[in-house]
Amino acid sequence: MLNRIIKRGAPKLPKADANEPPAVVVGHVSRAAAGCDTSSVPSIEALPLFRDVPAGERQSLFIRKLRLCAVVFDFSDMITLRCAREREVKRRNLAELIDFVQSSSGRLAEPVQEELVRTIAANIFRCPPPVAHENTGSEAAAADPEEENIFLDPAWPHLQLVYELLLRYVVSSDTDAKVAKRFIDHAFVLRVLDLFDSGDPREREYLKTILHRIYGKFMVHRPFIRKAISNIFYRFIFETERHSGIGELLEILGSIINGFALPMKEEHKLFLVRVLIPLHKTKPAGVYHHQLAYCTTQFVEKDCKLAVTVIRGLLKYWPVTNCQKELLFLGELEEVLETTQPSEFQQCMVPLFKQISRCLNSSHFQLFGARKFNIYIVPQVTSQTLPLKLVRYDIVNTQC
């Protein structure tokens, strides 16, 4: 009887089956919005196409489509398929919104841009399932940090379109950075950076492209983005050593470093010393070492005097018992030495050759005895004015 009274007194909702996934209204996003427990899904009306309405009404239709697309569905429950029509309607509307933004159909008004960013936030800022490295109680996950545990988000059919919509909005020539920075602000950027810990590599790939475009378009956000990325690295190096998106963040930084102006700012040099070099010491360094080596090499190419800093840093964190990691260090060392000048090489020559001799005395087949080990060393320089000549030595079965 009490249940009947409550039902009669409750406001009427659109007809929906009680077992269907949840619906979310724009501006009221919560954990239920991210696919947690709710009770009903509203019927989504089909809106007209942009080409079927006059040009003056398209922006208002754009807002209506955005509000429709702010409804978030629970893809984790694949048993309930009765909301398949609503999901398809949302997918078609997202594709239409992308085409509208991409076709340069005119500059979007500020209220439309605000609604656009709000809709994007309602979809991508969610409570995702825990990634593999969060299962701290699992001994298997902790045993091999370099083992890649791939998670594919079941909501990707919608998420991909939302990310594409955000990307097209950022890169559009009609998007004025001075206006858009009000909506894509520091808080939005921070939440985007949090998503880099996603277990889905497809999502991280989109995030990498989007953050790179944001960095290029919004110059006012550049120092903040660099500082926020540094904080993620600090936490990874000194606290957790668990993060899914270190490689993607390093790829972004590789492009950023490539664009640094000369002479290089002291801030950038400190980033090399405090962040990039300590990143070599973590257990899962092999997962992102290729991107990390590219970043350090870019610093040396920009400023040859930093070669001493990089080489000494590599020697400081040189692995002792991990031969596979030693091979990675040797490859990076080879790339750095290619651009090292004689004056810098002489400053670190003694500790460098001591480490090389230890590698040659190693019993590991890949470090010694099984293949040619290519090291670039500097011959005797007869004059400081002569250019550096690098001589390649193939050291085979040689004891030091």
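What you see below is based on every heavy atom in this structure, not just the backbone, and it leaves out hydrogens, waters and symmetry mates.
Between Lys354 and Val350 there is a side-chain heavy-atom pair separated by less than 4.5 Å. Using a 4.5 Å cut-off on side-chain heavy atoms (C-beta onward), Thr340 and Cys304 make no contact. Two residues are said to be in side-chain contact when any heavy atoms from C-beta on lie closer than 4.5 Å; Lys217 and Thr175 meet this criterion. Annotation: side chain of Arg118 is not in contact with side chain of Leu66 (no heavy-atom distance under 4.5 Å). Side-chain contact between Leu250 and Leu276 is present, with heavy atoms from C-beta onward closer than 4.5 Å. Side-chain contact between Leu262 and Lys302 is present, with at least one heavy-atom pair separated by less than 4.5 Å. Under the 4.5 Å side-chain criterion, counting only non-hydrogen atoms from C-beta, Phe233 is in contact with Ile246. Taking the side chain as every heavy atom from C-beta outward, Lys90 and Arg87 never approach each other to under 4.5 Å.
Smallest separation of non-hydrogen atoms from Ile184 and Ile214: CG2-CD1, 4.2 Å. Minimum heavy-atom separation, Val72 to Ala122: CG2-O, 3.5 Å. The two residues Leu328 and Gly286 make their nearest non-hydrogen contact at CD1-CA, 3.8 Å. Taking each heavy atom of Cys359 and Trp318 in turn, the nearest pair found is SG-CZ2, 3.8 Å. Val112 and Leu108 make their closest contact through CG1-CD2, 4.0 Å (heavy atoms, listed as atom of the first residue, atom of the second, distance). When all heavy atoms are compared, the tightest approach of Gln298 to Gly254 is CG-O, 4.4 Å.
The pair Lys305-Asp303 fails the salt-bridge criterion, with no side-chain N (NZ, NE, NH1 or NH2) lying under 4.0 Å from an Asp/Glu carboxylate O. Taking the charged nitrogens against the carboxylate oxygens, Asp153 and Arg126 do have a contact shorter than 4.0 Å, which makes a salt bridge.
A donor-acceptor pair under 3.5 Å is absent between the side-chain atoms of Asn123 and the main chain of Val162, judged by distance alone. Here the side chain of His280 pairs a donor or acceptor atom with the backbone of Ile277 at under 3.5 angstrom. Judged purely by atom type and a 3.5 angstrom limit, Gln113 has no side-chain atom pairing as donor or acceptor with the backbone of Val179. In terms of modelled atom types and a separation under 3.5 Å, the side chain of Glu301 and the main chain of Thr339 share no donor-acceptor contact. The main-chain N or O of Pro48 is never found under 3.5 Å from a side-chain atom of Asp52 such that the two would form a donor-acceptor pair. In this structure, His221 contributes its side chain and Gly216 its backbone to no donor-acceptor pair below 3.5 Å. Although no hydrogens or angles enter the test, the distance criterion places a donor-acceptor pair under 3.5 Å between the side chain of Asn361 and the main chain of Ser357. Judged purely by atom type and a 3.5 angstrom limit, Arg204 uses its side chain to pair as donor or acceptor with the backbone of Ser244.
Rounded to the nearest 0.5 angstrom, Arg191 CZ and Asp185 CG are separated by 10.0 Å. Atom-to-atom distance recorded for Ile98:CD1 and Leu166:CG is 10.5 Å, nearest 0.5 angstrom. Between the CG atom in Leu152 and the CH2 atom in Trp156 there is a gap of 10.0 Å [rounded to 0.5 Å]. Atom CD1 of Ile232 sits about 13.5 Å away from atom NZ of Lys227, to the nearest 0.5 Å. Note that CD1 of Ile256 is 9.5 Å distant from NE2 of His268, once rounded to the nearest 0.5 Å. Between the OG atom in Ser230 and the CD1 atom in Ile225 there is a gap of 11.5 Å [rounded to 0.5 Å].
Of the N and O atoms on the side chains of Tyr215 and Arg226, at least one donor lies less than 3.5 Å from an acceptor on the other residue. Judged by distance alone, the side chains of Glu332 and Thr296 do bring a donor and an acceptor atom under 3.5 Å apart. Side-chain contact, Tyr206 with Glu164: a donor N or O sits under 3.5 Å from an acceptor N or O.
Connection of Val273 to Tyr294 is not established within any shared hydrophobic cluster, with ILVMFWY side chains joined at heavy-atom distances below 4.5 Å, either directly or through further cluster members. One hydrophobic cluster, built from ILVMFWY side chains closer than 4.5 Å, holds both Phe125 and Ile120. Hydrophobic cluster membership is shared by Tyr234 and Leu249, with clusters built from Ile, Leu, Val, Met, Phe, Trp and Tyr side chains linked at under 4.5 angstrom. Cluster membership for Met349 and Leu330, using ILVMFWY side-chain heavy atoms within less than 4.5 angstrom, is shared. Each of Leu270 and Phe299 belongs to its own hydrophobic cluster when Ile, Leu, Val, Met, Phe, Trp and Tyr are linked at side-chain heavy-atom distances under 4.5 angstrom.
Applying the 6.0 Å contact sphere to CZ of Arg213 captures no more than 12 heavy atoms from other residues, nucleotides or ligands. Heavy-atom neighbours of Arg222 CZ from other residues, nucleotides or ligands within 6.0 Å: above the threshold of 12. Atom CZ of Arg358 has more than 12 neighbouring heavy atoms from other residues, nucleotides or ligands inside a 6.0 Å radius.
The aromatic rings of Phe224 and His186 sit parallel to each other, their planes meeting at less than 30°, with 60° as the upper class boundary. By the 30° and 60° cut-offs, the orientation of the rings of Tyr288 relative to Phe236 is perpendicular.
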**Request:** Decide side-chain contact (heavy atoms from CB on, under 4.5 Å) for Arg182 and Glu110; before the verdict, give the C-alpha distance in whole Å, the side-chain angles of both, and the deciding distance to 0.1 Å.
**Result:** CA-CA 10 Å; Arg182 303 174 192 170; Glu110 289 188 31; 2.6 Å; yes

**Request:** Go through the steps to decide whether Tyr169 and Leu97 satisfy the test side-chain contact (heavy atoms from CB on, under 4.5 Å), and finish with yes or no.
**Result:** CA-CA 10 Å; Tyr169 168 66; Leu97 293 172; over 6 Å; no

**Request:** Apply side-chain contact (heavy atoms from CB on, under 4.5 Å) to His243 and Phe196, showing your working.
**Result:** CA-CA 8 Å; His243 197 283; Phe196 272 88; 4.0 Å; yes

**Request:** Decide yes or no on side-chain contact (heavy atoms from CB on, under 4.5 Å) for Leu333 and Leu352, but give the supporting numbers first.
**Result:** CA-CA 10 Å; Leu333 185 61; Leu352 173 61; 3.4 Å; yes

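Just one residue in the list Glu203, Glu248, Glu251 forms a side-chain hydrogen bond (donor to acceptor under 3.5 Å, both in side chains) with Lys208, and that residue is Glu251. Of the listed residues (Glu114, Arg58, Glu115), just one forms a side chain to side chain contact (heavy atoms under 4.5 Å, CB included) with Ile63, and that residue is Glu115.
Geometrically, Lys65 does not engage Phe100 in a cation-pi contact defined by less than 6.0 Å to the ring centre and at most 45° from the axis.
Taking the six-membered ring for Trp and the full ring otherwise, Phe329 and Tyr317 have centroids separated by 6.0 Å or more.
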